[in-house]
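The block underneath contains the structure these notes are about, expressed in structure tokens.
Numbers here are sequence positions counted from 1. Here the structure is a predicted model, which is why all the values come from computation and not from measurement.
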Amino acid sequence: MNPLQPRRRHRLSHVLFALLVAALPLAATVPTLLWQERQDLQANARQQVSQAMELVEGILDQADHAARVLLPLAGGPCEQAVYPLRRQVAVAPFVRSAALLIKDRVYCSALSGSTDWALPRRDFVDGRIQLLAGNSVTPDVPLLYYRVNGKRGDAVAAVDGRYLQLALQDASDNDPVLLQVGGLWLGPHQVGTGQPPANWQQQVVRRSGRYPFLIRSGYDIPPWHRLLWARHALLAAVLFLLGLLAGGTLYWLLSRPASFTGELRRALANDEFVGYLQPLVRPGMADWRGAEVLMRWDHPREGLIRPDLFIPRAEESGLIVEMTRRMMDAVIAKVAKLSLPEDFHLGVNISPAHLREGNLIRDCRRWLDRLAGSGAVLALELTEREMVEITPEVEALFHSLDQMGVKVALDDFGTGHSSLVYLQQLTVDGLKIDQSFVAGIGSDGLSAHIVDSVAELAAKLGLATVAEGVETAEQYDYLSRLGVRWLQGFYIARPMPLDEFVRRMRQGGTWQR
């Protein structure tokens with residue numbers, strides 16, 4: 001498991017890239033779906049127009065047939081034409097009435113026989129068709145006159161407009177289909193003059209090749225999200241979920257390093273490991289008498305990362321040595337410029353990897369040279385997460401450190417490996433009481449006894465003691481009575497950046513209970 005994972009925070013660049021990928025399935029598919037929907041709407045409108053055209057032309061074919069049957073009678077006596085007129089009205093589909101004309105005047109009709117009223121040819125479109133909203137007999141029923149011209153006169157077949165409206169309604173699947181003759185139009189449920197009431201975004205208009213009329217229809221294109229939800233809700237939901245899965249997977253991949261050791265190497269090359277200093281105090285004194293240098297990882301994306309999340313892996317890989325070296329070089333470069341109290345305890349953790357690497361003596365000599373005159377005493381705190389193999393070389397190393405004036409303390413005493421063996425075979429100067437024991441003071445009798453025993457052991461061996469994790473006044477007072485030499489913990493001060501530590505030291509480096 002990636003130890004950085006508990007500290008992952010969303011970074012803007014990763015989030016934006018993941019959102020872009022998450023949107024790709026919809027972004028790639030939606031335009032095609034919308035284009036297809038527009039094509040379907042257009043095809044449907046064209047189909048409606050074609051269907052209406054076929055139906056209306058079929059009705060006019062019947063009217064044309066009836067008028068041509070009656071045309072030979074035009075100009076003849078009305079008495080001889082009345083019966084044929086009425087017979088055509090009875091047998092011809094869609095024909096409601098029929099009449100004969102001489103010079104634009106109706107002189108014989110199937111309804112009234114002999115009559116006389118004007119029906120000017122100029123009112124007919126192309127001299128053939130006239131659409132009316134109604135007439136004197138049926139003022140509320142649309143009527144279409146179909147006229148055939150002859151040498152002696154003309155014949156007219158009147159089509160009931162309700163048949164036309166039924167045909168238009170039958171063709172109107174989604175949007176109304178309109179019949180337009182000249183300046184009049186007829187819809188499934190209404191008739192009017194001028195501009196049709198339907199205000200479509202897209203229109204489909206077709207003119208008849210056989211009769212002087214046109215069929216008009218159209219469609220509106222809904223907003224893309226409404227169209228998508230109405231027609232493809234399930235597909236859109238699936239694409240949305242797939243996008244989320246892809247975006248989430250990408251974000252996860254972007255957020256994790258390909259190799260944690262590789263990420264440590266990258267961070268080391270970029271000097272991302274920085275020192276935080278936690279002050280140490282002597283019981284009964286108000287000023288800081290020491291500090292422990294703690295490593296933090298200032299990650300460019302994740303921010304400040306706790307040491308327990310990366311120090312163990314750094315120790316396993318051996319990178320901890322170079323990480324510590326660079327951190328201490330940076331810390332000492334600023335601390336050495338301070339005027340510190342005499343025997344100021346400047347501690348830093350080392351691990352068995354530092355002992356095996358072979359350059360610890362050289363590093364300590366360089367650090368001591370830089371600290372000369374500052375009042376600081378360099379103290380190495382040996383962690384016990386990994387067992388130290390005590391060899392003659394290791395014993396000689398500890399002896400050399402002691403000769404140089406470098407103090408060595410056993411960190412987290414009592415919680416790691418073979419602490420008593422270290423005391424017996426290695427040259428050490430102090431013990432550090434683990435915070436797990438300090439935390440039990442006042443509540444756990446066993447922890448208090450262990451602290452008592454460690455303090456007593458250190459006193460008998462002439463070793464200095466440091467207690468970490470002091471968080472309450474009760475713990476502070478208890479450890480002070482035991483004679484613990486240095487105290488550190490949140491009760492005194494939290495770890496702070498190097499620059500803040502330098503600033504506060506220049507201001508006096510004091511604390512208040």
Side-chain angles (χ1 to χ4, degrees), residues 45-75 81-101 104 106 108-111 119 121-135 137-138 141-173 176-191 196 204-217:
R46 288 176 176 173
Q47 182 180 0
Q48 291 183 160
V49 168
S50 296
Q51 183 180 354
M53 180 68 69
E54 181 179 353
L55 293 173
V56 172
E57 286 184 342
I59 293 174
L60 292 181
D61 286 343
Q62 297 296 328
D64 178 73
H65 176 74
R68 293 187 184 279
V69 169
L70 297 172
L71 184 61
L73 302 175
V82 169
Y83 176 75
L85 288 173
R86 292 175 178 172
R87 185 175 184 278
Q88 281 301 312
V89 172
V91 300
F94 312 117
V95 176
R96 189 177 80 182
S97 180
L100 301 176
L101 299 86
D104 289 346
V106 177
C108 187
S109 73
L111 181 62
L119 192 60
R121 183 180 299 180
R122 66 175 180 272
D123 294 337
F124 284 72
V125 178
D126 197 27
R128 300 169 64 191
I129 297 179
Q130 181 182 14
L131 179 63
L132 300 174
N135 60 9
V137 179
T138 55
V141 178
L143 186 69
L144 185 143
Y145 288 135
Y146 183 81
R147 186 168 184 164
V148 178
N149 303 318
K151 293 181 180 180
R152 296 190 303 158
D154 302 338
V156 172
V159 176
D160 192 326
R162 289 173 292 193
Y163 292 123
L164 295 171
Q165 288 181 310
L166 288 174
L168 296 173
Q169 182 176 349
D170 187 52
S172 301
D173 292 334
V177 181
L178 305 178
L179 165 67
Q180 189 161 354
V181 180
L184 280 84
W185 55 267
L186 182 69
H189 304 290
Q190 52 188 335
V191 63
V204 177
V205 180
R206 181 176 173 185
R207 187 176 299 275
S208 173
R210 297 164 54 197
Y211 301 101
F213 72 88
L214 57 84
I215 298 295
R216 185 189 303 274
S217 187

Just so I know, are the side chains of Phe124 and Leu119 near enough to count as touching, which here means a heavy-atom distance under 4.5 Å? yes
Heavy-atom closest contact (Ala133 atom, Val191 atom, distance): CB-CG1, 4.0 Å
Applying side-chain contact (heavy atoms from CB on, under 4.5 Å), run through Arg68 and Asp64 and close with a yes or a no. CA-CA 6 Å; Arg68 293 187 184 279; Asp64 178 73; 3.0 Å; yes
Please indicate whether Gln47 has more than 12 foreign heavy atoms, meaning atoms of other residues, nucleotides or ligands, lying under 6.0 Å from its CD. no
Could you grab the distance from atom CG of Leu73 to atom CZ of Arg152, nearest 0.5 Å is fine? 8.0 Å
If I take atom CD from residue Gln169 and atom CG from residue Leu55, how far apart are they, to the nearest 0.5 angstrom? 12.0 Å
Exercise: identify the closest heavy-atom pair between Gly153 and Ala74: C-CB, 3.6 Å
Side chains of Phe213 and Leu144 in contact at under 4.5 Å (non-hydrogen atoms): no
Please check if the number of heavy atoms outside Arg86 that lie under 6.0 Å from its CZ is greater than 12. yes
Side-chain heavy-atom pair Trp185, Leu131 within 4.5 angstrom cut-off: no
Check: Leu132 and Pro142 side chains under 4.5 Å, non-hydrogen atoms: no
Please tell me if the side chains of Leu164 and Arg162 come closer than 4.5 Å, counting only heavy atoms from C-beta onward. no
Test item: Asp160 side-chain N/O and Arg96 main-chain N/O as donor-acceptor pair under 3.5 Å: no
Gln165 (side chain) donor-acceptor with Gly187 (main chain) under 3.5 angstrom: yes
Glu57 and Ser208: side-chain donor and acceptor closer than 3.5 Å? yes
Could you state the interatomic distance from CG (Leu168) to CG (Leu186), rounded to the nearest 0.5 Å? 5.5 Å
At what distance, to the nearest 0.5 angstrom, does CG of Asp123 lie from CD of Gln130? 5.0 Å
Donor-acceptor pair, distance only, cut-off 3.5 Å: does the side chain of Ser172 make one with the backbone of Val177? yes
Restricting to non-hydrogen atoms, name the atom on Pro212 and the atom on Val125 that form the minimum distance, rounded to 0.1 Å. CG-O, 3.5 Å
Side chains of Tyr211 and Arg128, donor plus acceptor under 3.5 Å: no
Of all the heavy-atom pairs spanning Leu100 and Ala81, show the shortest one and how long it is. CD1-CB, 3.5 Å
Quick one: does Asp154's side chain have a donor or acceptor within less than 3.5 Å of a partner on Gly150's backbone? yes
To the nearest 0.5 Å, what is the distance between CD on Glu54 and CD1 on Ile215? 12.0 Å
Any side-chain heavy-atom pair from Val82 and Cys108 closer than 4.5 angstrom? yes
Taking atom CZ of Arg147 and atom CG of Leu71, what is their separation to the nearest 0.5 Å? 11.0 Å
Val89 versus Ala98, closest heavy-atom pair with distance: CG2-N, 3.7 Å
salt_bridge(Asp61, Arg210) N-O dist < 4.0 Å: yes
side-chain contact (heavy atoms from CB on, under 4.5 Å), that's the test. Do Leu70 and Val156 meet it? Break it down for me. CA-CA 8 Å; Leu70 297 172; Val156 172; over 6 Å; no
Go through the steps to decide whether Arg216 and Leu214 satisfy the test side-chain contact (heavy atoms from CB on, under 4.5 Å), and finish with yes or no. CA-CA 7 Å; Arg216 185 189 303 274; Leu214 57 84; 3.9 Å; yes
Check whether more than 12 heavy atoms from other residues, nucleotides or ligands sit under 6.0 Å from atom OH of Tyr145, and answer yes or no. yes
Would you name the heavy atoms of Val148 and Ala67 that are closest together and state the gap between them? CG2-CB, 3.5 Å
In the structure I gave you, are the side-chain heavy atoms of Ile59 and Val159 within less than 4.5 Å of one another anywhere? yes
Look only at the side chain of Gln48 and the backbone of Asp173, and say whether a donor-acceptor pair between them is shorter than 3.5 Å. yes
